[in-house]
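The next block holds one structure in the form of structure tokens; read it before the comments.
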Amino acid sequence: MQPERALLTDFFAAVRGAGGKGDRYDNAEIYRKLIFYRFDETLSAVYPLFKKELGKKRWKRWVKAYIAHRPEMPFMWQMPEGFGRFARKRMKKRAAKGRNYLCELLWFEWNEVASMMAPSPIKSKKKVDFSAAYRSGSSVRMRYLRHPVMHGKRGPKSLYPTLLHQSGDGGVVWRILTPFIYKLIQACDGKRPLEEIVRSLCHSEGIDEKNARQILKKELRPFLKEVVLTPVN
Amino acid sequence: MTPQGCGLGLREPFVDTIDRYVDRIDFLEIVPENMMHMNRKEAKRFEKICDHFPMIAHGLSLSLGDTEHLDRDHLKKLKKFLDRYGIETYSEHLSFTSLDGVQSYELLPLPMTEGMVEAVTAKIARIEEILERPLVIENPTYYTVLESTMEESRFIGEILKRSGAKLLLDINNVYVNAFNHGFEAKAFIDALDLDRVAYCHIAGHLECRNDLFIDTHGMPVKEAVWDLMAYVMAKKRLPVMLERDNNIPPLKKLMKEFDRMKEIYDAA
């Protein structure tokens, strides 16, 4: 099989643009186009704002460079995650202008998809039980963003504690949280009871625990209903 | 379950309306790669469809030609998925899409040689062992011929004979390859052992240049392909399904093509 393997390797490199022009193969250009369309279609659907930011020519170059690189995600829908990593590295290497904004945009656009593809919430509970331990649902994605990328904007620069999660109808929604709720959801590790987490957070933030519990009883309900937080039995 | 009669490729745009055609469609074909990560809601919807239609699966990512690499993890997940929904018939393309884990997501051609026959046969055996079901292989389109020592029909025939696998005969692919590489489509069909065919695909293609057709699955089936289907069916009445992946029209419109396919099937 050695000659065949060598041939496949050479052909594969040629049609991915990773090994010369590929003119030694008939219709190599057709394969290059077919591969490009596959990547372009999927990536454009996931990263519409990032694509707009790059501009058509640069986008085309980057997609081609990614194809020639090592796209290794076995499922097509996961491939944009690899592209996101590739793009971040590329920007870092070239010290690209506005890199922080673009990196946050990549994170937000990919995680809208990743959250949607996560296994759906299994059980929801409406009442807050402070004695129970909670963990965040599988569709939850959180990050402190510095740019309002959820609006596709660069500014005003601030701190946006952002949460993405699957909604009841299978779509994905984003919310800007209060820093307290953000820290609380982040601290829910499925081990410590909620009351312990609240106590510790109130202590470090200088907040009255009794008041906080009263407010959280109501404030946490939508998070329980939509399985942003799920009790661990 | 081996498919019987006339089927349709199940696609997202008409998942919610396919039930209306339960009396006309004999089976559905799904692409497992698109469904292995369904959320709970989608899974429930799919279970309902499985209650009404016999289901078969058509894979995209086994990369049969990458004979030195086997993604066991993917195969185990695939088996679990097929078992869960009671899907027995599983097919893959006789091509490669990835090499050593690097992906192109495109069906790329194999050199048609004795060495490739042996290596693909061995890979099919390893796949069947993990999936615990026989594999059906599809004749793909190819736009370049990599150094080959045998004709395509012999290449496919040898793999089928040695592996015991059955063939998914894509009639449109035969037509496209015959045009692009200048051979007789009917002679190609004649050279195949139709007893080894599990079922057929029928689809549309793009007439890209005056010397090149591309298998796009994005156009209506061409007259010449319907004729070739009639030729196949006259030789042996085989289960057949309509495959449409791009530019998917409303289901009502697609069903007109389906009816045309069924007419040819019934007339055989």
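Below, read A as the first sequence line, B as the second, and so on, with proteins coming before strands; counting in each chain starts at 1.
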Residues at least two apart in sequence or cross-chain that pass side-chain hydrogen bond (donor to acceptor under 3.5 Å, both in side chains) with A:Thr162, listed by chain then number, are none
Residues that B:Glu106 engages under side-chain hydrogen bond (donor to acceptor under 3.5 Å, both in side chains), provided they are two or more places apart |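 Here the qualifying residues are A:Arg38.
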If you look only at pairs with a residue in residues 173-184 of chain B, which of them pass as a salt bridge (Lys or Arg N to Asp or Glu O under 4.0 Å), with sequence neighbours excluded?
-> none
More than 12 heavy atoms from other groups under 6.0 Å of CD on A:Glu72 =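 Counting other residues, nucleotides and ligands, CD of A:Glu72 exceeds 12 neighbours.
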Region of B:Asn34 in contact with chain A, defined by heavy-atom distances below 4.5 Å | neither
Go through the atoms of B:Asp66 and report whether side chain, backbone, both or neither lie under 4.5 Å from a heavy atom of chain A.
-> both
Looking at B:Glu114 and B:Arg162, does any basic side-chain N land under 4.0 Å from a carboxylate oxygen?
-> yes
Salt-bridge test for B:Arg133 and B:Asp83: reply yes if a basic N is under 4.0 Å from a carboxylate O, no otherwise.
-> yes
Picking from A:Thr42, A:Ile67, A:Ile30, which has the most non-hydrogen pairs under 4.5 angstrom with chain B?
-> A:Ile30
Who in residues 80-93 of chain A is close to chain B, using a strict under-4.5 Å heavy-atom cut-off?
->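 Residues qualifying by a heavy atom under 4.5 Å from chain B are absent, so none.
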Check whether [X] gets within reach of chain B through its side chain, its backbone, both or neither, counting any heavy atom under 4.5 Å.
| X | value |
| --- | --- |
| A:Met79 | both |
| A:Tyr37 | neither |
| A:Phe11 | side chain |

Sole candidate of B:His58, B:Glu138, B:His201 that passes side chain to side chain contact (heavy atoms under 4.5 Å, CB included) when paired with B:Ser91 |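 Exactly one candidate clears the test, B:His58.
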When the ring centroid of B:Tyr85 is compared with that of B:Phe81, is the distance short of 6.0 Å?
->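 So the answer is yes for these two rings.
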Identified ring-ring contact (aromatic ring centres under 6.0 Å, His included) counterpart of A:Tyr144 within the set A:Tyr182, A:Trp107, A:Tyr160 = A:Tyr182
